[in-house]
Peer 1: 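I am attaching a structure below and will ask some questions about it afterwards.
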Amino acid sequence: MSWKPFFLLTLATVSQAVTPDGFEPASQTNLLISYLAAAADNGNVLDKAATQTAPTIGTQSKLEGTSFAVMMVDLDIPTANPPETRTLLHWMQIGLTQSESPETVNTTASTTTAFMFQVPESQKAFAEYIGPIPPARVPLSHRYTQILVDTSAATDDNLAALEGAAANRLGFDTLSVLNEAGLVDKVMAGNFFRVENPGPVEGSASNSSTGASGTPTGSITVPTETPVQSPIQPASAVALKSRGLLVAFFVLLGAAIAAL
């Protein structure tokens, strides 16, 4: 069955959507982020269940580059000293190319056109997509920020710097990573949304992101495989690995809290 991305955007927010206040490198150019029945819109709240597979992305104007990367970072990973937070890389996909012709997409007002991004089936993700799962810890509301980076002129060393940084998801510093990769001035667009845990906040002595009592221990565990990851991917392809990714995410987040 065919479908069209559904962007929950008004004509006004299309031009105003930006990365969150204080996030660097910032962007005031809107990156369209669609999860089929929901979409990022300048910090709007999305349902957790709607965001568990990689989104479709696009821009309203055709970009000049020939190759792009997308990153998604959670800015609100809880620590043992709330309200202090850390960051976590949820997704880094390189090798994106943009369609030559615009596609019609739905908005809350009517319709608009956008140039969508695709990725070759052979192109693996540097960091496979992990869906948002905010725990019952402060803060309950997490900001998930996406940026699009032009990698058209990136060298092998530039890409190697990105790949190396993606191996360490916890404490991911987007600005430092892009500086190291020589791509800090190549951010083309951005957006963000929120996913919230309904609470209540559980005490740190009896809560862990794995759902078990006590304080989680052990080293940080992240997905070690990098299977094909496309922004345009049927849910059936993701379902085969979703349970393993959820376990890995819970262990990662639990270890992050325990280490602080």
Peer 1: Passes side chain to side chain contact (heavy atoms under 4.5 Å, CB included), Phe68 versus Val70? Steps please.
Peer 2: CA-CA 7 Å; Phe68 301 85; Val70 63; over 6 Å; no
Peer 1: For Leu75 and Pro20, which heavy atoms make the closest approach, and how far apart are they?
Peer 2: CD1-CG, 4.0 Å
Peer 1: Run through Asp74, Asp76, Asp21 and flag the one making a salt bridge (Lys or Arg N to Asp or Glu O under 4.0 Å) with Arg143.
Peer 2: Asp76
Peer 1: In Å and rounded to the nearest 0.5 Å, what is the CE to CD1 distance from Met72 to Ile147?
Peer 2: 12.5 Å
Peer 1: With sequence neighbours left out, write down each residue that passes side-chain hydrogen bond (donor to acceptor under 3.5 Å, both in side chains) with Thr97, or none if nothing qualifies.
Peer 2: none
Peer 1: Can you name the side-chain hydrogen bond (donor to acceptor under 3.5 Å, both in side chains) partners of Arg194, sequence neighbours left out?
Peer 2: none
Peer 1: Testing the 3.5 Å rule here: is there a donor-acceptor pair between the side chains of Asn81 and Thr79?
Peer 2: no
Peer 1: Is Asn158 reaching over with its side chain to a backbone N or O of Ala181, donor-acceptor style, under 3.5 angstrom?
Peer 2: yes
Peer 1: Please assess Ile133 against Gln52 for the test side chain to side chain contact (heavy atoms under 4.5 Å, CB included), listing each intermediate value before the final yes or no.
Peer 2: CA-CA 9 Å; Ile133 311 176; Gln52 296 308 300; 4.1 Å; yes
Peer 1: If you round to the nearest 0.5 Å, how far is OG of Ser141 from CG of Asn197?
Peer 2: 10.0 Å
Peer 1: Is it true that a side-chain atom of Arg169 and a backbone atom of Leu89 form a donor plus acceptor pair closer than 3.5 Å?
Peer 2: yes
Peer 1: Can Leu162 be reached from Val184 by stepping across I, L, V, M, F, W or Y side chains whose heavy atoms are under 4.5 Å apart?
Peer 2: yes
Peer 1: Could you walk me through whether Val195 and Lys48 pass the side chain to side chain contact (heavy atoms under 4.5 Å, CB included) check?
Peer 2: CA-CA 6 Å; Val195 174; Lys48 181 182 72 173; 3.8 Å; yes
Peer 1: What are the two closest non-hydrogen atoms of Gln118 and Gln98, and how far apart are they?
Peer 2: OE1-C, 4.1 Å
Peer 1: Side-chain heavy atoms nearer than 4.5 Å, only ILVMFWY residues, links allowed to pass through others: does that put Ile33 and Val45 together?
Peer 2: no
Peer 1: Can you tell me if Ser27 uses its side chain to pair, donor with acceptor, with the backbone of Thr19 under 3.5 Å?
Peer 2: no
Peer 1: As an exercise, state the distance from CG of Asn42 to CG of Asn30, rounded to the nearest 0.5 Å.
Peer 2: 8.0 Å
Peer 1: Distance-only, no hydrogens or angles: does the Thr66 side chain make a donor-acceptor pair with backbone N or O of Ser152 under 3.5 Å?
Peer 2: no
Peer 1: Any ring pair (Phe, Tyr, Trp, His ring centres under 6.0 Å) involving residues 178-199? Give me the pairs, sequence neighbours left out, ordered by first then second residue.
Peer 2: Tyr35-Phe193, Tyr144-Phe193
Peer 1: Is a side-chain N or O of Thr87 found less than 3.5 angstrom from the main chain of Phe172, in a donor-acceptor match?
Peer 2: yes
